[in-house]
Structure formats: structure tokens, C-alpha cells
Protein chains: 2
Amino acid sequence: MLKLSKLTDYAVVVLVRLGDDFALQTSGGIAAATGVPEPTVAKVLKIMTTAGLVCSQRGARGGYRLARSLSAIPVADVITAIDGPIALTACVEHSPAICDSSALCPVKGRWDRVNSAILDALSGISLADMRPPARDVVPVQPLSEASAMQSYHPAGASVSTTAFVE
Amino acid sequence: MLKLSKLTDYAVVVLVRLGDDFALQTSGGIAAATGVPEPTVAKVLKIMTTAGLVCSQRGARGGYRLARSLSAIPVADVITAIDGPIALTACVEHSPAICDSSALCPVKGRWDRVNSAILDALSGISLADMRPPARDVVPVQPLSEASAMQSYHPAGASVSTTAFVE
DNA sequence: TTCATTCAGGACCAAGCTAGTCCTGTTTTG
DNA sequence: CAAAACAGGACTAGCTTGGTCCTGAATGAA
Ligand code: FES
Ligand code: FES
């Protein structure tokens, strides 16, 4: 369906939030600030850490911090981190899948163009571009447990619903 | 995973095949010519007909024919026909889904730019560009110069599926 | 030291979607 | 009428995603 996974959507929200403050922020704090469920925030941040987009600090008073500035993180990086390499079809290079019948295929190698066009588009937009123009930055909550969570639950924040009618 | 559905891949193969001949072609014949399983070809063609990309002729000696020339069919149209409107997230304009929490969402409306970048990329490439090199006369339009376009990897590039193998 | 805190890394399961098949019409030709 | 081909769904198995949870390791503070 040419859609992004929900986690990617969450990731952008979380990363943008991280970009609001240089101090270490805990996953719980981010969850509280963004309204994204804490376990999900944690999951996203783990992935982001593995991908090298954020740095983590363990232990008490630990937390996360951006590894680079928002403007240095193209959207493509976030997508790649979560969804894996951008490969529209199994036949683009870098794709993990291998085509058995490249000899027969009439469109062999032809998706690469399309794929790189999209890759270029996604590489040209950074997370800084995803940040709200002038938004009231919610101050980092030191520790207050994430109880008063206002659920942001992107029921629509992502592509979940299936009401796609032309 | 930011991937296309398999059917879209099939559709391109089938449409390109249709573009090889102006005569009516039956789904069975196309299946034989492309190696795509006949039921799948039929399914794809039905969808294409509904979308108006091909014309059909019922009855004995019936078949399918392109409604427009390959060069007049952007890849975006095929994707839209099969996967529905291109909407990376539920929050892009034109998306049928509605975001409940647009008031809270930190990245509200920010995906639109990403989405249209991709839409532009996909609209700028036509099926004629997807034809095998031998018949490919139309140059691809550059969308953004990001670069070193990744040269195709002839080997290993391929659509998928074992169904292609006889 | 000992403990609370916080991240790391998976395992796990339910739900939704995709791919592929099949079946029952309907239209057209001969 | 019979055969050829498309029209339009219904249906199911399998995969992927989303979301939760559990155990363990690192860190800092009491
Ligand atoms: S989640 Fe809908 S506006 Fe962002
Ligand atoms: S299907 Fe693999 S090269 Fe086209």
C-alpha cells in the first residue's frame, strides 16, 4: 500500500521531541510528553539507538539524546532504521530478496530508477523539516512518572485505517 | 517496509506486455507470455480495467488492450490503482483516514511534504520507462539530483517470486 | 555495598493484510 | 445453444506488524 509503518510515525514524533532538549530524556518522560505509549517509545528508541540515530546512557539518571541534530537526520534514515532498506520491490539493489528469474523478467532492473527517485526524495527532507514551526515546547519532566498520560495514540497518526477509496 | 505490493509488480509486467501489441490479448495469453500465473494475471487485469488503465472486450475472441500508451501511464497510476491512494501516513492530505488527535500531534501536517515528494517522483516515471532497455527510448526525467544514481544491478534485480519459474 | 533506576535485547501473541485460488455470472462470437 | 473470455466476489493460508512483557546488565546514589 505504499505506506509507512506506524513505528516510523512514532519514531519521528519521538525524535522530534528529543530534538527539543539537549538533556538526557528517559523513555518514560518522552512517553509522557508525546502521549505515545511508553513501551512503544522504548521500542522505538532501542531501534534508534541501534541505528545510531540516538545515544543512550544507562543506569539511574540515564536516558537518550540525539546523536546528530534534527537537520542532519533525513527522513530516509528513520525509515531505513525501522523498516529496513527502502526497496519497493524485491528486485532493487540492496534488496535482501533475490529474484530467481531475472533472466525471464521483462522489467528486470527497471524498478531501480523508481526506487532511487524515492530514495532521493526521502533523503532530501530532514527531521528538522518535520518539526512544527513554532510550537510550545513542553519542558522536560524530570521524573514525574508517566501517569498523567494523555494518549496521543495516533489512531490516525499512522496509516492504519483501511478506508482507502479512490 | 515501504514496499510495493506484489500485485503492483505483476501489474507493471502485465501492462508492459500489453504495450507490446495493440491487438486484444487474453489473460491466458499474457500469462503464458510473461510467466505470471494466469489467475493472478486475470486479477490484475480486472483491477486495471476498473481503474481505466486498460480496456476490455468480453466474449469469445475478447481480451484486453491498453487504454493509453505506456508513456502516458505514470507508475503512480498503477500503484494507486492497486494499492489505493499513495498516503504514507494517515495524516496526509487527501487521505481518507482522519487523525483523531491532530490537536495533540507534534508532526501534524508535516508528512504532506514527504508524501508529495514521493508522489512527484512516481508521477514522473511512466511505464514506458519500465520497458526493457531494448525498447526503452524515453529517458528518465531527473527528479532531484541526489546523486549518484545507483546504477542498476542487472544481476539479482528482479521482481520476486518463484511463480515465475516454470 | 546495596538498591532503585534505566536501558538492552529478545520472546511472544493477536490482529490485519496480502496473495493466490476458485466459483458463479454475463457478454460475445459462431 | 455452446464455447470463449471477462466480471466480480468469496474465501483461506501465510506473513507482517503492532504492541506487550520479561529478564538481564549498566549506572549512580544512599
Ligand atoms: S497524527 Fe494526525 S496530525 Fe499527526
Ligand atoms: S522479477 Fe526479478 S528482475 Fe524482474
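Proteins get letters first, then strands, A, B, ... in listed order; numbering begins at 1 in each.
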Legend entry - B/A60, nearest nucleotide to its side chain (from D/dT20, C/dA8, D/dA4): D/dA4
Legend entry - Euclidean distance, atom NZ of residue B/K3 to atom P of D/dT16 [Å, nearest integer]: 8 Å
Legend entry - Candidates D/dC6, C/dC7, C/dG9 - which lies nearest the side chain of B/S27: D/dC6
Inset, instruction - Compare the minimum distances between each of C/dT18, C/dT21, C/dG10 and the side chain of A/K46, then state the nucleotide with the smallest one. - result: C/dG10
Inset, instruction - Would you kindly give the CG-to-C1' distance between A/L4 and C/dC17, to the nearest whole Å? - result: 16 Å
Inset, instruction - Using a 4.0 Å heavy-atom cut-off across all strands, classify B/G28 as base, sugar-phosphate, or nothing. - result: nothing
Legend entry - Carboxylate-amine/guanidinium proximity below 4.0 Å for B/D77 and B/R68: yes
Inset, instruction - Verify side chain to side chain contact (heavy atoms under 4.5 Å, CB included) between A/Y64 and A/S27, making sure each step is shown before the conclusion. - result: CA-CA 8 Å; A/Y64 295 93; A/S27 61; 4.3 Å; yes
Inset, instruction - Look at the side chain of A/K43 and the base of D/dG19, then say whether one donor and one acceptor between them are separated by less than 3.5 Å. - result: yes
Inset, instruction - Ignoring backbone atoms, test whether B/Y10 places a side-chain nitrogen or oxygen under 4.0 Å from the OP1 or OP2 oxygen of C/dG20. - result: yes
Inset, instruction - Would you indicate what B/L45 reaches in the nucleic acid, counting non-hydrogen atoms under 4.0 angstrom: base, sugar-phosphate, or nothing? - result: nothing
Legend entry - Closest to the B/Q57 side chain, choosing from D/dG19, C/dG20, C/dT28: C/dT28
Legend entry - Short side-chain N/O contact from A/T40 to OP1 or OP2 of D/dT20, under 4.0 Å: yes
Legend entry - Whole-Å gap separating P (D/dG19) and CD1 (A/I82): 12 Å
Inset, instruction - Please report, rounded to the nearest Å, how far the C1' atom of D/dC6 is from the CG atom of B/L18. - result: 14 Å
Legend entry - Side chain of B/R61 - closest among C/dG30, D/dT20, D/dA26: C/dG30
Legend entry - Backbone of B/G29 reached by a side-chain donor or acceptor of B/T26 within 3.5 Å: yes
Inset, instruction - Please check if A/I125 and B/L88 belong to a single hydrophobic cluster, counting links between Ile, Leu, Val, Met, Phe, Trp and Tyr side chain heavy atoms closer than 4.5 Å. - result: yes
Inset, instruction - Rounded to the nearest angstrom, tell me the gap between atom CG in B/D9 and atom P in C/dG20. - result: 11 Å
Inset, instruction - Could you state the atom-to-atom distance from CE of A/M48 to P of C/dC7 in whole Å? - result: 15 Å
Inset, instruction - Specify the separation, in whole Å, of atom NZ of B/K6 and atom P of D/dG14. - result: 14 Å
Legend entry - Validation row: B/Q25, B/R17 side chains within 4.5 angstrom (heavy atoms): yes
Legend entry - SB check A/D129 B/R113 (cutoff 4.0 Å): yes
Inset, instruction - Starting from the 5' end of DNA chain C, give me the residue, A/T49 or B/L7, whose nearest nucleotide shows up first. - result: A/T49
Legend entry - Out of D/dG19, D/dA4, D/dC6, whichever nucleotide has its closest atom nearest the side chain of B/R58: D/dC6
Inset, instruction - Choose from C/dG9, D/dT17, C/dC7 the nucleotide whose nearest atom is closest to any side-chain atom of A/S56. - result: C/dC7
Legend entry - Length of the CD1-P vector between A/I47 and C/dA8, whole Å: 12 Å
Legend entry - Closest to the A/P39 side chain, choosing from C/dA19, D/dA7, D/dT20: D/dT20
